[in-house]
Amino acid sequence: RGLRNNNPGNLRGSNAFKWQGETGRDDKDFVIFDTPENGLRALARTLQTYRQRYGLNTIESILNRYAPPSENNTEAYIRHAVRAMAVSRHTPLTSADYPRLMAVIVAHENGEQPFTLAQLQKGYQDAIS
(Lines give C-alpha, C1' and ligand atoms only; values in the text may rest on other atoms or scores of the structure.)
Protein backbone atom coordinates (compact mmCIF):
# COMPACT_ATOMS: atom_id res chain seq x y z
CA ARG A 1 0.00 0.00 0.00
CA GLY A 2 2.79 2.45 0.93
CA LEU A 3 4.67 1.99 -2.32
CA ARG A 4 1.48 2.10 -4.38
CA ASN A 5 0.61 5.42 -2.69
CA ASN A 6 4.14 6.84 -3.14
CA ASN A 7 4.15 6.90 0.66
CA PRO A 8 6.98 4.51 1.59
CA GLY A 9 6.78 5.47 5.27
CA ASN A 10 3.01 4.84 5.45
CA LEU A 11 2.51 8.29 6.93
CA ARG A 12 -0.91 9.24 8.15
CA GLY A 13 -2.46 12.53 7.13
CA SER A 14 -3.27 15.52 9.27
CA ASN A 15 -6.14 17.94 9.06
CA ALA A 16 -3.79 20.67 10.30
CA PHE A 17 -1.59 20.73 7.19
CA LYS A 18 -1.04 19.23 3.78
CA TRP A 19 2.27 17.61 2.82
CA GLN A 20 4.19 18.77 -0.22
CA GLY A 21 2.94 16.57 -3.07
CA GLU A 22 -0.04 15.19 -1.12
CA THR A 23 -2.81 14.27 -3.54
CA GLY A 24 -5.27 12.51 -1.26
CA ARG A 25 -5.78 9.90 1.41
CA ASP A 26 -6.14 6.14 1.22
CA ASP A 27 -9.09 5.10 3.36
CA LYS A 28 -9.09 8.70 4.65
CA ASP A 29 -6.01 7.75 6.63
CA PHE A 30 -2.71 7.20 4.81
CA VAL A 31 -1.42 10.01 2.60
CA ILE A 32 -1.09 9.52 -1.14
CA PHE A 33 1.81 11.45 -2.71
CA ASP A 34 2.32 12.46 -6.32
CA THR A 35 5.85 11.02 -6.41
CA PRO A 36 7.93 8.64 -4.29
CA GLU A 37 10.41 11.50 -3.84
CA ASN A 38 7.80 13.59 -2.03
CA GLY A 39 6.92 10.57 0.08
CA LEU A 40 10.58 10.13 1.07
CA ARG A 41 10.84 13.86 1.79
CA ALA A 42 7.80 13.65 4.09
CA LEU A 43 9.29 10.67 5.92
CA ALA A 44 12.53 12.60 6.45
CA ARG A 45 10.60 15.69 7.64
CA THR A 46 8.78 13.52 10.16
CA LEU A 47 12.05 12.16 11.53
CA GLN A 48 13.51 15.67 11.70
CA THR A 49 10.47 16.90 13.61
CA TYR A 50 10.92 14.06 16.09
CA ARG A 51 14.53 15.14 16.65
CA GLN A 52 14.04 18.90 16.71
CA ARG A 53 10.69 19.28 18.43
CA TYR A 54 10.59 16.23 20.69
CA GLY A 55 14.29 15.45 21.25
CA LEU A 56 13.91 11.91 19.87
CA ASN A 57 17.23 10.90 18.37
CA THR A 58 17.73 7.19 19.07
CA ILE A 59 16.31 4.19 17.25
CA GLU A 60 14.28 3.26 20.32
CA SER A 61 12.81 6.70 21.00
CA ILE A 62 12.04 7.40 17.34
CA LEU A 63 10.35 4.07 16.65
CA ASN A 64 8.34 4.15 19.87
CA ARG A 65 6.71 7.31 18.53
CA TYR A 66 6.69 6.37 14.83
CA ALA A 67 5.22 2.89 15.38
CA PRO A 68 3.61 2.97 18.83
CA PRO A 69 3.01 -0.31 20.66
CA SER A 70 -0.74 0.33 20.57
CA GLU A 71 -0.64 -0.25 16.79
CA ASN A 72 2.57 -2.20 16.10
CA ASN A 73 5.04 -4.75 17.38
CA THR A 74 7.40 -1.89 18.18
CA GLU A 75 10.00 -4.10 19.82
CA ALA A 76 10.35 -6.16 16.62
CA TYR A 77 10.62 -2.91 14.63
CA ILE A 78 13.39 -1.67 16.94
CA ARG A 79 15.28 -5.00 16.73
CA HIS A 80 15.02 -4.87 12.92
CA ALA A 81 16.52 -1.35 12.87
CA VAL A 82 19.30 -2.21 15.32
CA ARG A 83 20.32 -5.25 13.24
CA ALA A 84 20.10 -3.46 9.89
CA MET A 85 21.94 -0.34 11.01
CA ALA A 86 24.38 -1.98 13.46
CA VAL A 87 23.68 0.84 15.92
CA SER A 88 22.59 0.46 19.54
CA ARG A 89 18.99 1.31 20.26
CA HIS A 90 20.21 3.97 22.73
CA THR A 91 22.90 5.64 20.59
CA PRO A 92 22.02 9.14 19.34
CA LEU A 93 21.82 9.09 15.55
CA THR A 94 23.89 11.39 13.38
CA SER A 95 22.64 13.09 10.22
CA ALA A 96 24.34 10.35 8.19
CA ASP A 97 22.25 7.71 10.01
CA TYR A 98 18.85 9.09 9.03
CA PRO A 99 18.79 7.89 5.39
CA ARG A 100 19.72 4.42 6.69
CA LEU A 101 16.90 4.59 9.24
CA MET A 102 14.58 5.63 6.42
CA ALA A 103 15.64 2.49 4.53
CA VAL A 104 14.72 0.34 7.54
CA ILE A 105 11.35 2.06 7.91
CA VAL A 106 10.54 1.58 4.22
CA ALA A 107 11.51 -2.10 4.40
CA HIS A 108 9.56 -2.70 7.59
CA GLU A 109 6.45 -0.86 6.42
CA ASN A 110 6.35 -2.40 2.94
CA GLY A 111 8.15 -5.72 3.09
CA GLU A 112 10.69 -4.41 0.59
CA GLN A 113 12.97 -1.43 0.16
CA PRO A 114 13.25 -0.44 -3.52
CA PHE A 115 15.17 2.84 -3.12
CA THR A 116 18.88 3.42 -3.53
CA LEU A 117 20.87 5.06 -0.76
CA ALA A 118 21.25 8.08 -3.07
CA GLN A 119 17.45 8.40 -3.35
CA LEU A 120 17.08 8.17 0.44
CA GLN A 121 19.83 10.73 0.97
CA LYS A 122 18.16 13.08 -1.54
CA GLY A 123 14.85 12.72 0.32
CA TYR A 124 16.63 13.59 3.52
CA GLN A 125 18.41 16.57 1.94
CA ASP A 126 15.19 17.84 0.35
CA ALA A 127 13.57 17.76 3.78
CA ILE A 128 16.21 19.88 5.47
CA SER A 129 16.57 22.48 2.71
Side-chain angles (χ1 to χ4, degrees):
R1 175 201 260 182
L3 298 176
R4 181 181 67 240
N5 290 337
N6 292 323
N7 182 357
N10 276 330
L11 298 172
R12 296 181 187 274
S14 167
N15 292 326
F17 68 92
K18 189 172 179 178
W19 289 104
Q20 177 178 307
E22 181 178 338
T23 62
R25 305 271 171 90
D26 181 11
D27 301 326
K28 298 181 183 168
D29 203 10
F30 292 97
V31 177
I32 300 170
F33 290 99
D34 56 352
T35 65
E37 291 79 13
N38 277 326
L40 289 173
R41 178 188 176 279
L43 173 57
R45 295 276 305 189
T46 299
L47 298 177
Q48 289 174 347
T49 298
Y50 288 179
R51 183 181 64 212
Q52 294 168 353
R53 186 174 295 163
Y54 305 110
L56 306 177
N57 65 353
T58 65
I59 290 172
E60 182 174 67
S61 64
I62 291 166
L63 292 179
N64 268 304
R65 181 169 179 109
Y66 190 86
S70 61
E71 300 175 15
N72 300 274
N73 182 343
T74 308
E75 185 56 33
Y77 212 141
I78 292 167
R79 285 194 309 267
H80 175 197
V82 165
R83 276 192 313 274
M85 295 177 65
V87 173
S88 163
R89 65 178 46 222
H90 303 295
T91 300
L93 300 178
T94 66
S95 291
D97 292 322
Y98 280 87
R100 295 184 322 125
L101 178 58
M102 290 168 61
V104 170
I105 290 171
V106 171
H108 202 87
E109 293 289 330
N110 299 284
E112 64 179 300
Q113 199 298 93
F115 303 103
T116 65
L117 183 57
Q119 288 173 302
L120 295 162
Q121 289 169 329
K122 182 173 182 338
Y124 184 76
Q125 289 303 314
D126 288 350
I128 62 174
S129 49

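What you see is a predicted model, and the numbers here were worked out from it, not measured in a lab.
- Under the side-chain hydrogen bond (donor to acceptor under 3.5 Å, both in side chains) criterion, Tyr77 pairs with Glu109, not counting sequence neighbours.
- Residues forming a salt bridge (Lys or Arg N to Asp or Glu O under 4.0 Å) with Arg65 (at least two apart in sequence, or on another chain): none.
- Here the CG-CE distance, from Leu101 to Met85, works out to 5.0 Å after rounding to the nearest 0.5 Å.
- Applying the side-chain hydrogen bond (donor to acceptor under 3.5 Å, both in side chains) rule to Tyr124 yields the partners Arg51; only residues at least two apart in sequence or on another chain are considered.
- Connection of Ile62 to Val82 is established within a shared hydrophobic cluster, with ILVMFWY side chains joined at heavy-atom distances below 4.5 Å, either directly or through further cluster members.
- Applying the ring pair (Phe, Tyr, Trp, His ring centres under 6.0 Å) test to every pair with at least one member in residues 35-76, sequence neighbours left out, gives no pairs at all.
- Every residue meeting the side-chain hydrogen bond (donor to acceptor under 3.5 Å, both in side chains) condition with Arg1, not counting sequence neighbours, appears here in chain and number order: Asp26, Asp27.
- Note that the CG atom of Leu3 and the CD atom of Gln113 stand 9.0 Å from one another [nearest 0.5 Å].
- Here Ile78 contributes atom CD1 and Asn73 contributes atom CG; the two are 9.5 Å apart, rounded to the nearest 0.5 Å.
- A distance of 12.0 Å separates CD1 in Ile59 from CG in Asn64, rounded to the nearest 0.5 Å.
- Remark: Thr116 pairs with Ala118, Gln119 by the side chain to side chain contact (heavy atoms under 4.5 Å, CB included) rule, at least two apart or across chains.
- When all heavy atoms are compared, the tightest approach of Asp97 to Leu93 is OD2-CA, 3.5 Å.
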Side-chain donor-acceptor pairs of residues 36-45 under 3.5 Å, sequence neighbours excluded:
| unit_1 | atom_1 | unit_2 | atom_2 | d |
| --- | --- | --- | --- | --- |
| Asn38 | OD1 | Gln20 | NE2 | 3.0 |
| Asn38 | ND2 | Asp34 | OD1 | 2.8 |
| Arg45 | NH1 | Ala127 | O | 3.1 |

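- The backbone N or O of Ala67 sits less than 3.5 Å from a side-chain atom of Thr74, completing a donor-acceptor pair.
- Residue pairs that meet the salt bridge (Lys or Arg N to Asp or Glu O under 4.0 Å) test with at least one member in residues 119-129, sequence neighbours left out, are Lys122-Asp126.
- Under the side chain to side chain contact (heavy atoms under 4.5 Å, CB included) criterion, Ser14 pairs with Ala16, Phe17, sequence neighbours left out.
- Annotation: the span from Ile105 atom CD1 to Leu47 atom CG amounts to 4.5 Å, rounded to 0.5 Å.
- Taking Ser61 as the reference, Thr58 meet the side-chain hydrogen bond (donor to acceptor under 3.5 Å, both in side chains) condition, with sequence neighbours excluded.
- Considering only residues two or more places apart in sequence or on other chains, Glu75 meets the salt bridge (Lys or Arg N to Asp or Glu O under 4.0 Å) condition with Arg79, Arg89.
- Minimum heavy-atom separation, Ala84 to Val104: CB-CG2, 3.6 Å.
- Taking CZ of Arg12 as the start and CG of Asn7 as the end, the distance is 10.5 Å to the nearest 0.5 Å.
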